[in-house]
Amino acid sequence: MSTERVRVRGLSIYRPIIYGNTAVVLTPEEREAHPSREHTHRWTVAVRSAASAEDSDIVGGADDLGYFIRRVTFKLHETYPNPSRNVDKPPFEVTETGWGEFEIQIRITFIPEAAEKPIILYHHLKLHPWTASGADTEAPPPAEVAVQLGPVHSWQYDEIVFTDPFQQFLNTLTAHPPTPLPKARRRPVPFHTANPGSLEASKGGVPEFTAAMEKDEIKRFEDARKTVVAEQEKFRISLAEKEKEIERLRKELGDT
Ligand code: SLL
């Protein structure tokens, strides 16, 4: 057998991706132009590489993922014509207009040489801006306010991990190293992660995934681990004291 068809055991390799959507409010003219007049937003759902291109307003997408992704199928709400949308080349995205939020199933099929099963992700299409309270029960702001807040962004970072990849597929992956995430943000913090409700924070606020976010996450885990260890130690001491107390009481009983 040629080495190309052999799995490289004990090795795993990953590619960072983001998936999610952006949405903007339609202008009154655009609303009028649509036959149903019910559509309120234009949105784009996408699967992209995690790093953003420098000086770009596009979230993620610095790298073309076509070298390992064969097809992305976006399954829209059944109110849409042909709800199952296949995208066979980058950019892996679908742009539509509509009036409501719903769950989108995202199925990623890899190139045949990967010999990997497709993966399925779910994304809740987000049209309405995050509110100050963050409560889901709060009514979305009126269109005039939403327009001022600018595009809504809802993105999830993820890593696609290939374990024991075939040699040929591994070669393909290593030939396309992902653009590293920037150390820190190069743009203002977006509205919903900065100071919710503040118009200032929304200006130019396009989300960007960074290595700093990863560091923060690691720190959160490390802090949590330390808390658990400290708690454990506290209980260990308390247990030891109780055991001593039992021993003392036993002795007392034995003495009488
Ligand atoms: C809701 N459960 O009630 C959701 C469903 C469906 C949104 C939202 C398409 C409309 C069209 C559209 O926006 N569907 O094609 O005319 O909020």
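Scope of the values below: all heavy atoms of this structure, side chains included, with no hydrogens, waters or symmetry mates. Position 1 is the first residue of the sequence; numbering continues from there. Indexing begins at 1, ligand by ligand and atom by atom, following the structure's order.
- Annotation: atom 14 (N) of ligand 1 to nearest protein heavy atom, Thr79 OG1, 2.9 Å.
- Residues Thr27 and Glu30 have side chains that bring a donor and an acceptor to within less than 3.5 angstrom of each other.
- The protein heavy atom nearest to atom 2 (N) of ligand 1 is Glu101 O, 4.0 Å.
- Annotation: atom 10 (C) of ligand 1 to nearest protein heavy atom, Trp99 NE1, 3.2 Å.
- When each atom of ligand 1 is checked for a heavy atom of Gly98 under 4.0 Å away, the hits are 13 (O).
- In this structure, a donor-acceptor pair under 3.5 Å is absent between the side chains of His176 and Asp63.
- A donor atom on one side chain and an acceptor atom on the other are not found under 3.5 Å apart for Trp43 and His41.
- A centroid separation of less than 6.0 Å is found between the aromatic rings of Phe162 and Phe110.
- Annotation: Tyr80 places an N or O atom under 3.5 Å from an N or O atom of ligand 1; distance criterion only.
- Within the set His39, His77, Glu103, Glu96, the minimum heavy-atom distance to atom 5 (C) of ligand 1 is found for His77.
- Counting all heavy atoms, side chain and backbone alike, Phe209 lies closest to Leu181 at O-CD2, 3.5 Å.
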